[in-house]
Amino acid sequence: MNAAVTIGRTTFANPVLVASGTFEFGLKFPSVANRLGGVVTKAITMQARVGNPPPRICEFPGGILNSVGLENPGVEKFCTEIVPRTAKLKSRVVVNVAGFTVEEYGELAARLDSESVDALEVNVSCPNVKEGGALFGQQPQVVEAITALVRKETTKTIIIKLTANFVDPVETAKAAEAAGADGVTLINTLFGLALDENGRPFLGGRSGGVSGPALKPFALFCVDRVAAAVKIPIVGCGGIMNGQDALDFLSAGARMVQVGTASLVNPEAALEVWTGLKEYSARNRLTGWEQLVGRTRRHGGGESKSDVRS
Ligand code: SIN
């Protein structure tokens with residue numbers, strides 16, 4: 001079976017990516033990165049950022065909370081020092097970009113347009129910053145404005161990474177689609193709070209973003225709902241730990257998946273996810289991913305009984 005997946009102008013050799021912030025720039029483990037569909041980089045902002053004070057990670061039985069705060073070298077240093085190295089990777093490089101104003105997203109897209117990277121993942125969903133991030137992603141009209149501006153500034157594939165924090169991602173996915181996005185990533189981490197034994201916030205940034213297995217059922221629910229509402233491809237993300245999890249996201253309607261928290265525990269996790277998908281497709285003699293993508297709805301059952309806006 002041809003395992004390739006195309007989103008916008010970008011063809012990925014297979015549907016498995018590593019999620020932003022969990023694999024740096026793919027340079028530490030090139031033998032893993034080279035066998036995946038691609039690497040989504042740590043978020044890049046206009047200016048370099050030191051990020052939030054420590055501690056930045058807190059484990060809990062269902063996953064982790066992170067409060068990194070978009071630490072990164074800034075777009076100039078990224079372009080001059082990191083892109084020449086990521087360009088040597090055999091898989092696709094998707095640059096996650098985050099702005100603090102709508103205009104900054106346009107500036108980031110313009111700066112990266114001539115660089116040797118394959119696609120942009122537009123981050124309107126970081127839960128760990130006071131401006132931009134999830135605050136933007138909660139407002140469909142802001143998502144639409146950012147997407148339209150990025151679309152204007154770049155010919156590269158653009159995938160909007162959405163939040164499901166206090167917003168219906170159906171509305172923001174529709175806004176992204178209307179403004180020219182090639183795809184959406186669903187979902188970024190959910191707001192969370194961890195306390196120490198004295199009842200004080202554990203994380204240096206106070207609150208954080210929840211990721212890992214605890215996120216999966218809700219992320220799957222979001223993918224299933226959004227897949228019924230938009231035509232652009234969905235990249236599923238949230239608690240994917242193995243091939244079966246990835247299969248679930250494809251069944252719910254995602255065309256590609258991202259492995260995040262699992263990569264922090266085991267840098268080869270995304271490869272294992274890809275092996276699991278490959279083995280399933282061989283066992284079941286699949287001829288194309290379209291046999292899997294969205295099959296949950298083809299099995300019937302229609303709308304969820306939960307009281308959600310539609
Ligand atoms: C962070 O850097 O705080 C996480 C980035 C994100 O969730 O988008």
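Since the structure is predicted, the reported quantities are computational estimates derived from the model, not experimental observations. Note that ligands are numbered from 1 as they come in the structure, with each ligand's atoms numbered from 1 the same way.
- Counting the atoms of ligand 1 from 1 in the order shown, those under 4.0 Å from a heavy atom of Lys42 are 1 (C), 2 (O), 4 (C), 5 (C).
- Remark: ligand 1 atoms within the under-4.0 Å shell around heavy atoms of Asn128 are 1 (C), 3 (O), 4 (C).
- For ligand 1 and Pro127, the ligand atoms under 4.0 Å from any heavy atom of the residue are 7 (O).
- Val124 and Val129 are members of different hydrophobic clusters when ILVMFWY side chains are connected at heavy-atom separations under 4.5 Å.
- More than 12 heavy atoms of other residues, nucleotides or ligands lie within 6.0 Å of CZ in Arg298, so this atom counts as buried by the packing criterion.
- For ligand 1, the polar-atom distance check finds an N/O of Leu70 within less than 3.5 Å of one of the ligand's N/O atoms.
- Listed by number with element, the atoms of ligand 1 under 4.0 Å from a non-hydrogen atom of Asn123 are 6 (C), 8 (O).
- If you number the atoms of ligand 1 from 1 as listed, the ones under 4.0 Å from a heavy atom of Gly69 come out as 1 (C), 2 (O), 3 (O).
- When only interatomic distances are considered, the shortest N/O to N/O separation between Ser67 and ligand 1 does not fall below 3.5 Å.
- Within 6.0 Å of the CZ atom in Arg295, the count of heavy atoms belonging to other residues, nucleotides or ligands exceeds 12.
- Hydrophobic clustering of Ile, Leu, Val, Met, Phe, Trp and Tyr side chains at less than 4.5 Å, counting indirect connections, unites Leu27 with Phe29.
- For a threshold of 3.5 Å applied to N or O pairs, the pair formed by Ser125 and ligand 1 contains no separation below that value.
- Shown in contact with Asn66 at under 4.0 Å from a heavy atom are these atoms of ligand 1, numbered in order with element: 1 (C), 3 (O), 4 (C).
- Between Arg111 and Glu107 there is no salt bridge, since none of the side-chain N atoms of the basic residue sits less than 4.0 Å from a carboxylate O of the acidic one.
- For the pair Asn188 and ligand 1, the shortest N or O to N or O distance falls below 3.5 Å.
- Classification of Lys156 and Glu115 as a salt-bridged pair fails, no side-chain N sitting under 4.0 Å from a carboxylate O.
- Using a cut-off of 4.0 Å between Lys/Arg side-chain N and Asp/Glu carboxylate O, Glu290 and Arg255 are scored as not salt-bridged.
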